[in-house]
Amino acid sequence: MNLLIMGPAGSGKGTMSEKIKQKYQLAHISTGDMLREAVKKQTSLGLEALNYMNAGKLVPDTLINSMVDERIKQDDTKVGFLMDGFPRTLVQAEAFDEILHTNNKNIDCVINLVVDFEVLADRITGRRLCKNCGSIYHIKNKPSKVEGVCDMCGNNLVQRSDDTVEQLEIRLQEHKKNTEPVLEYYRKQGLVVDIQAGKPVDEIFKDIERAIKQI
Ligand SMILES: [Zn+2]
């Protein structure tokens, strides 16, 4: 079973990916992790990517595609994979189809996490983090014991400068502009399942399980 998960930052994509991966024993392919891994292992593609990153440039599609191709050939994807963070654009989606085709694979379902703007805004603007130990809190959903102080190390908690409603709007527009054509592409193939993700984690995951059963 090969799945693809999509959703804007703050939609709980990371949490859901983790749960899906554990329950169905899928290889979780996150393009971010994949890049870091390739750089760490110093594969030829990784080193090439590093050149772009060091120059402050975006790693080009062709290189990302090659990495995805290389990653998908690895043994752990035999049971299936969960793709996360790719494809981000229509061009990548089309390239991904080619890659899948040459590897005799296909996508069974695209899980699209949908969250209302208000819910996202609430999640994001309430987020506080500790720059010392990396702990993350939320003023409503996961408050620290003492306001503004990290439970783990006692450091002051801060709000990330781009965790604002204005920045969220910009990020969402950008996300929508890129992913809308990708979603449309998969909708035409009848692969997309929209999952309402503004609910408690367990309820969202139940909906995902139900969608997967229907594949
Ligand atoms: Zn801390």
Side-chain angles (χ1 to χ4, degrees), residues 1-34 61 64 68 72 77 79-101 105-127 138 140-142 163 165 167-215:
M1 179 174 70
N2 300 323
L3 306 174
L4 216 146
I5 189 162
M6 293 177 71
S11 63
K13 193 157 64 83
T15 309
M16 286 308 133
S17 297
E18 196 53 39
K19 287 179 89 72
I20 294 167
K21 170 190 147 184
Q22 276 175 10
K23 162 121 194 193
Y24 301 97
Q25 300 292 307
L26 302 176
H28 180 199
I29 308 179
S30 128
T31 32
D33 290 348
M34 189 183 72
D61 269 1
I64 298 278
V68 169
I72 252 168
T77 67
V79 248
F81 61 78
L82 172 68
M83 199 76 193
D84 174 2
F86 181 90
R88 278 184 206 272
T89 63
L90 184 59
V91 177
Q92 285 185 348
E94 285 164 349
F96 190 36
D97 262 355
E98 281 289 317
I99 294 169
L100 289 167
H101 186 72
K105 291 182 193 288
N106 62 289
I107 292 292
D108 297 297
C109 182
V110 177
I111 295 165
N112 182 38
L113 300 176
V114 184
V115 198
D116 288 342
F117 183 79
E118 290 71 29
V119 176
L120 271 185
D122 204 48
R123 279 184 191 168
I124 284 171
T125 56
R127 194 153 58 187
H138 189 280
K140 278 190 222 156
N141 309 333
K142 197 193 168 203
D163 279 352
V165 172
Q167 285 300 317
L168 173 67
E169 263 167 6
I170 295 168
R171 284 203 298 263
L172 278 183
Q173 262 169 26
E174 183 69 21
H175 178 82
K176 202 171 164 187
K177 197 180 84 195
N178 289 325
T179 55
E180 208 63 27
V182 177
L183 275 171
E184 202 44 46
Y185 179 76
Y186 288 120
R187 272 192 215 286
K188 277 187 199 142
Q189 301 175 44
L191 291 173
V192 179
V193 180
D194 293 311
I195 299 282
Q196 295 302 323
K199 304 185 284 190
V201 168
D202 290 344
E203 287 177 36
I204 307 168
F205 189 57
K206 270 193 193 120
D207 288 349
I208 292 177
E209 288 176 299
R210 218 167 293 146
I212 288 175
K213 253 183 214 150
Q214 280 168 13
I215 289 173

Looking only at heavy atoms, what is the nearest atom pair of [X] and [Y], with distance?
X	Y	result
P8	L120	CG-CD1, 4.1 Å
N2	G80	OD1-CA, 3.2 Å
V165	A121	CG2-CB, 4.3 Å
P87	V182	O-CG1, 3.9 Å
S17	I5	OG-CG2, 3.7 Å
I195	A211	CD1-CB, 4.3 Å

Check: Yes or no on side chain to side chain contact (heavy atoms under 4.5 Å, CB included) for K206 and R210, after CA distance, side-chain angles and deciding distance?
Finding: CA-CA 6 Å; K206 270 193 193 120; R210 218 167 293 146; 4.1 Å; yes

Mind checking whether [X] and [Y] have side chains closer than 4.5 Å, heavy atoms only?
X	Y	value
F86	M34	no
Y24	V79	no
L4	L191	no

Pairwise distance [atom1]([X]) to [atom2]([Y]) - rounded to 0.5 angstrom:
X	Y	atom1	atom2	value
Q22	H28	CD	NE2	11.5 Å
I124	S11	CD1	OG	9.0 Å
M83	I29	CE	CD1	5.0 Å
I208	I111	CD1	CD1	5.0 Å
M16	L113	CE	CG	7.5 Å
I212	D207	CD1	CG	11.5 Å

Note to self: Is it the case that over 12 heavy atoms from other parts of the model lie below 6.0 angstrom from the NZ atom of K199?
What the structure shows: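 For K199, atom NZ is crowded (more than 12 foreign heavy atoms under 6.0 Å).
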
Notebook entry, point to check: Considering residues, nucleotides and ligands other than R88, do more than 12 of their heavy atoms fall under 6.0 Å from its CZ?
Noted result: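 It does not: R88 CZ has 12 such atoms or fewer within range.
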
Checklist line | Summary of side chain to side chain donor-acceptor pair (under 3.5 Å) pairs that have at least one residue in residues 89-100, sequence neighbours excluded | finding: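 Non-adjacent pairs meeting side chain to side chain donor-acceptor pair (under 3.5 Å): D61-Q92, D97-Y185.
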
Notebook entry, point to check: Which pairs, with at least one residue in residues 111-121 and sequence neighbours excluded, count as a side chain to side chain donor-acceptor pair (under 3.5 Å)?
Noted result: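 Listed once each, the pairs are N112-D194.
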
Note to self: Out of the candidates I107, V193, I215, V110, only one should pair with L3 under the side chain to side chain contact (heavy atoms under 4.5 Å, CB included) rule; please name it.
What the structure shows: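 Filter result, single survivor: I215.
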
Item checked: Side-chain donor or acceptor of T77 paired with backbone N/O of I72 under 3.5 Å ->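 The answer is yes, because a donor-acceptor pair under 3.5 Å joins these two groups.
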
Next item on the list: Apply the test side chain to side chain contact (heavy atoms under 4.5 Å, CB included) to residues K23 and K19: give CA-CA distance (whole Å), side-chain angles for both, the deciding distance (0.1 Å), then the verdict.
Entry: CA-CA 6 Å; K23 162 121 194 193; K19 287 179 89 72; over 6 Å; no

